[in-house]
Peer 1: 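Here you go, one structure.
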Amino acid sequence: MIPQQFEYSAPKTLDEALGLLAEGAKPLAGGMSLIPMMKLRLASPEHLVDLGRIKDLNYIRDQGGELHIGATATHHDVESSPLVRGKCPLLAETAAHIGDVQVRNMGTIGGSVAHADPSADYPAALQALEAKFVLKGAKSERTVSAEDFFIDTFTTALEPGEIVREVIVPVDGDGTGTNYQKVLQPASGFAIVGIAVRTRKSAGKITLVRIGVTGLSNRAFRATASEKALEGKAGSAAEVQAAAALIAQGIEANSDLHASADYRRHLASVYAAKALTAALERIA
Ligand SMILES: Cc1cc2nc3c(=O)[nH]c(=O)nc-3n(C[C@H](O)[C@H](O)[C@H](O)COP(=O)(O)OP(=O)(O)OC[C@H]3O[C@@H](n4cnc5c(N)ncnc54)[C@H](O)[C@@H]3O)c2cc1C
């Protein structure tokens, strides 16, 4: 189908874009989710502000022990960046799982998190990484944790007129292992279930474990019951299995034509065990 008519602006500065957004326009990034929604008439914005020409939004920087990633960095930029691969391999690994080459060349990290598809890949990794998002409006700037950002299906902490300006992830030192495991929906590549793990050990005991889950429910979340079950443990196969069995505790699982709620819960525990095992093996 053809979208309804709309006005299109392509500002070169962030201030100009934020001014237009404050008047009610909608941001356009890679268009990989928004344009299909407009063609299906699920969205009919009157005015689109293309963020793609704002140079100040496309960067990946190592700053004070954290990586700062501008909103319009594409999935390919993240997947192929030597900085991300070297300092935050979980994020690069997750980006490589998104859609196909065309989608990764166009889609952006800011667009993906703002869209908040409950089956999107990045949110699982960003939960496990305890990422922060810088949200910018015409007259405001605030930083929100991943845990507080993803509220519900297609619903985030973004206020009208605000954009995701930047994603901040930690640079973990030696002794950290990470992994992303995904069961994909073969037609789109979206996650039926996706599990991201970040873990650290000291003196043979797990001192940190963060598990981000996508695809299972209405929003990406941290599997805190599984995390608590592993803290202080050695991470034996039996301990990993016991923790993975708790992955869906307290969660209402999605059910659709691709997977029933029971099947999703089963996949989540099997793939949580795989991701935990791989992450523990990767601890250097
Ligand atoms: C065939 C296909 C397969 C896909 N497979 C996967 C997959 O396997 N895994 C996966 O995770 N994703 C998948 N996607 C989605 C893809 O990752 C998109 O890139 C992403 O969802 C949206 O990013 P975008 O830059 O294209 O945003 P757009 O489509 O331009 O925008 C999406 C929404 O976010 C808003 N927005 C955009 N940028 C910002 C910003 N900086 N601040 C605030 N709001 C903003 C827009 O107004 C819009 O509401 C797939 C898409 C397609 C078409």
Side-chain angles (χ1 to χ4, degrees), residues 3 6 8-11 14 17-18 20-22 24-40 42-54 56-59 69-79 91 93-127 133-138 141-142 144 149-150 153-167 180 182-194 196 212 214-215 219-220 258:
F6 55 89
Y8 172 83
S9 304
L14 184 55
L18 291 171
L20 294 168
L21 295 171
K26 191 168 177 57
L28 170 72
M32 292 290 96
S33 295
L34 183 54
I35 300 294
M37 286 180 74
M38 289 169 63
K39 288 186 167 190
L40 292 167
L42 295 170
S44 303
E46 287 176 8
H47 187 176
L48 285 186
V49 176
D50 191 340
L51 304 179
R53 311 243 164 102
I54 305 171
D56 199 22
L57 280 180
N58 191 346
Y59 54 84
I69 304 173
T72 59
T74 63
H75 310 329
H76 173 74
D77 291 336
V78 173
E79 169 193 5
L91 200 61
E93 182 180 11
T94 304
H97 277 270
I98 298 174
D100 50 33
V101 175
Q102 289 90 336
V103 169
R104 293 198 291 277
N105 277 332
M106 294 294 293
T108 66
I109 192 164
S112 177
V113 297
H115 191 54
D117 189 303
S119 298
D121 293 289
Y122 272 138
L126 294 168
Q127 288 280 18
F133 304 118
V134 178
L135 311 184
K136 179 114 184 76
E141 183 168 300
R142 61 197 177 110
V144 173
F149 181 79
F150 296 107
T153 303
F154 304 128
T155 307
T156 69
L158 277 165
E159 296 286 348
E162 274 184 332
I163 63 158
V164 176
R165 192 216 189 295
E166 180 175 86
V167 175
Y180 181 60
K182 167 182 182 181
V183 183
L184 58 79
Q185 200 276 90
S188 69
F190 274 101
I192 291 176
V193 161
T214 190
R219 66 180 191 101
H258 305 301

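Start at 1 and go down the list; that is how both ligands and their atoms are numbered. Everything quoted here is computed from the prediction, not taken from an experiment.
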Peer 1: Classify the contact between Leu51 and ligand 1 as side chain, backbone, both or neither, using a heavy-atom distance cut-off of under 4.0 Å.
Peer 2: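 Within the 4.0 Å criterion, Leu51 contacts ligand 1 through side-chain atoms alone.
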Peer 1: Looking only at heavy atoms of Lys182, does any of them come nearer than 4.0 Å to an atom of ligand 1?
Peer 2: yes
Peer 1: Contact between Val103 and ligand 1, counting heavy atoms under 4.0 Å?
Peer 2: yes
Peer 1: Based purely on interatomic distance, does Glu162 place a nitrogen or oxygen under 3.5 Å from a nitrogen or oxygen of ligand 1?
Peer 2: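 So ligand 1 has no N or O lying under 3.5 Å from an N or O of Glu162.
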Peer 1: In this structure, does ligand 1 have an atom that sits under 4.0 Å from one of the heavy atoms of Gln185?
Peer 2: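 No, that is not the case, since the closest heavy atom of the residue is not under 4.0 Å from the ligand.
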Peer 1: Do ligand 1 and Thr108 have nitrogen or oxygen atoms that lie under 3.5 Å from each other?
Peer 2: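 N/O-N/O distance under 3.5 Å: yes.
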Peer 1: Regarding atom 9 (N) of ligand 1: of the candidates Ile54, Thr72, Asp121, which has the closest heavy atom?
Peer 2: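 Shortest heavy-atom distance from atom 9 (N) of ligand 1: Asp121.
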Peer 1: Would you find more than 12 non-hydrogen atoms of other residues, nucleotides or ligands less than 6.0 Å from Glu141 atom CD?
Peer 2: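 Count over threshold, so yes.
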Peer 1: As a check for students: among Ala114, Ser112, Gly161, identify the option with a heavy atom nearest to atom 35 (C) of ligand 1.
Peer 2: Ala114
Peer 1: Is there a donor-acceptor pair closer than 3.5 Å between any side-chain N or O of Arg219 and the backbone N or O of Phe150?
Peer 2: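 The answer is yes, because a donor-acceptor pair under 3.5 Å joins these two groups.
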Peer 1: Measure from the side-chain N and O atoms of Gln185 to the backbone N and O of His258, and report whether any donor-acceptor pair falls under 3.5 Å.
Peer 2: no
Peer 1: Between ligand 1 and Ala191, is the shortest N or O to N or O distance under 3.5 Å?
Peer 2: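 No, since none of the N or O atoms of Ala191 sits under 3.5 Å from an N or O of ligand 1.
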Peer 1: Taking distance alone, with N or O pairs closer than 3.5 Å, would you say Ile98 contacts ligand 1?
Peer 2: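 By distance alone, the answer is no.
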Peer 1: Where on His75 is there a heavy atom closer than 4.0 Å to ligand 1, on the side chain, on the backbone, on both, or on neither?
Peer 2: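 Answer for His75: side chain.
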Peer 1: Classify the contact between Pro27 and ligand 1 as side chain, backbone, both or neither, using a heavy-atom distance cut-off of under 4.0 Å.
Peer 2: both
